[in-house]
Amino acid sequence: MKNKKTLVLGATTKPERYANIAIHKLVENGHSVLAIGQNAGEVAGVKIHTKSIPLKNIDTVTLYLNPTRQRDYYNYIIQTKPKRVIFNPGTENPEFYQLLRSNGIAVEVACTLVLLATNQY
């Protein structure tokens, strides 16, 4: 499986949260991971940043933010030019889908954990 540099947006140090589990699974599967969350910390050796960081060569952005909180990141994600954005359950946002597609970014409404578990990531 090819390493897909991934940004986890909505990262958290809380082990019961899906964003946290996703970071662990992405790292276990050999993907380079960057993380941005509300609170600083570290998960599976990945530093959680609390502000937007400069990004290059991002393959995937996986969202763990509700649609209202996503708005603050619209421009940031579009300027990052990832190949795709994964909208995990609870993050569905048709308004953002249109913006991404109009900027040539693929939209995937899926669960990162399921994609990893079924070798579809």
Side-chain angles (χ1 to χ4, degrees):
M1 183 187 298
K2 185 180 135 200
N3 173 2
K4 293 184 178 171
K5 192 173 181 183
T6 302
L7 170 65
V8 176
L9 197 50
T12 177
T13 58
K14 295 177 183 174
E16 70 278 9
R17 302 299 299 248
Y18 288 115
N20 182 294
I21 298 166
I23 293 170
H24 281 281
K25 294 293 183 188
L26 286 161
V27 169
E28 286 171 23
N29 281 274
H31 299 287
S32 302
V33 180
L34 297 161
I36 297 175
Q38 203 165 2
N39 299 305
E42 190 173 300
V43 175
V46 176
K47 180 180 178 183
I48 298 175
H49 299 271
T50 57
K51 296 184 175 153
S52 300
I53 52 175
L55 300 172
K56 286 186 181 176
N57 305 317
I58 296 293
D59 181 88
T60 302
V61 174
T62 185
L63 294 175
Y64 291 93
L65 292 175
N66 71 50
T68 304
R69 295 204 43 233
Q70 290 170 23
R71 285 192 189 112
D72 293 338
Y73 293 96
Y74 283 6
N75 289 334
Y76 177 67
I77 293 171
I78 290 166
Q79 289 168 1
T80 297
K81 297 183 175 111
K83 290 182 181 155
R84 67 176 172 170
V85 175
I86 298 174
F87 288 82
N88 287 280
T91 67
E92 297 87 352
N93 184 348
E95 173 186 88
F96 198 17
Y97 303 165
Q98 289 181 332
L99 278 171
L100 291 166
R101 288 180 178 134
S102 68
N103 282 278
I105 299 167
V107 169
E108 210 166 325
V109 180
C111 175
T112 296
L113 296 173
V114 171
L115 293 173
L116 287 164
T118 57
N119 293 320
Q120 297 179 71
Y121 192 81

What's the separation between atom CD1 in Ile58 and atom NZ in Lys4, rounded to the nearest 0.5 Å?
13.5 Å

Cluster link Leu55 to Val33, ILVMFWY, side chain under 4.5 Å:
no

Can you tell if the side chain of Arg71 reaches within under 4.5 Å of the side chain of Glu95, non-hydrogen atoms only?
yes

Non-hydrogen side-chain atoms of Leu7 and Thr80 separated by less than 4.5 Å:
no

Is there side-chain contact between Ile77 and Leu63, with heavy atoms separated by less than 4.5 Å?
yes

In one Ile/Leu/Val/Met/Phe/Trp/Tyr side-chain cluster, 4.5 Å: Leu26, Val46
yes

Whether Asn20 side chain and Thr12 backbone form a donor-acceptor pair below 3.5 Å
yes

Straight-line distance of Thr62 OG1 to Ile86 CD1, nearest 0.5 Å
4.5 Å

Do the numbers put Arg84 on top of the ring of Tyr121, so that NZ or CZ is under 6.0 Å from the six-membered ring centre and no more than 45° off the axis?
yes

If you measure from CD on Glu42 to CD1 on Ile48, what distance do you get to the nearest 0.5 Å?
8.5 Å

Donor-acceptor contact present, side-chain Tyr76 to main-chain Ile53, <3.5 Å
yes

OH (Tyr18) with more than 12 external heavy atoms under 6.0 Å
no

Work out which heavy atom in Ile23 is nearest to a heavy atom in Ala44; give both atom names and the distance.
CG2-CB, 4.3 Å

Please find the pair of heavy atoms, one from Pro89 and one from Ala110, that lie closest to each other, and give the distance.
CD-O, 3.7 Å

Does His31 reach the side chain of Leu116, with side-chain heavy atoms less than 4.5 Å apart?
yes

Closest contact, heavy atoms only, Ala19 versus Gly10
CB-O, 3.4 Å

Looking at Asn88 and Thr112, would you say the former's side chain and the latter's main chain have a donor-acceptor pair under 3.5 Å?
yes

Which distance, rounded to the nearest 0.5 Å, do you find between the CG of Leu9 and the CD of Gln70?
8.0 Å

Can you tell me how far apart CG (Asn103) and CD (Gln79) are? Round to the nearest 0.5 Å.
9.5 Å

Sidechain-backbone polar pair: Asn66 side chain, Thr68 backbone, donor-acceptor under 3.5 Å
yes

Would you call the rings of Tyr74 and Phe96 parallel, tilted or perpendicular, where under 30° means parallel and over 60° means perpendicular?
parallel

For Val109, is there any backbone N or O sitting under 3.5 Å from a side-chain donor or acceptor partner on Glu92?
no

Counting only N and O atoms by type, is there a donor-acceptor contact under 3.5 Å from the side chain of Asn39 to the main-chain atoms of Thr13?
no

Within-4.5 Å side-chain heavy-atom neighbours: Arg69 and Gln38
yes

Would you mind reporting whether Glu108 and Leu115 have side-chain heavy atoms less than 4.5 Å apart?
yes

Is it possible for you to say whether Leu65 and Ile36 belong to one hydrophobic cluster, with membership spreading through side-chain heavy-atom contacts below 4.5 Å?
yes

Euclidean distance, Ile78 CD1 relative to Leu99 CG, rounded to 0.5 Å
5.0 Å

With a 4.5 Å cut-off on side-chain heavy-atom distances among I, L, V, M, F, W and Y, is there a chain of contacts connecting Val27 to Tyr64?
yes

So, Lys81 side chain and Gly104 main chain: donor-acceptor pair closer than 3.5 Å or not?
no

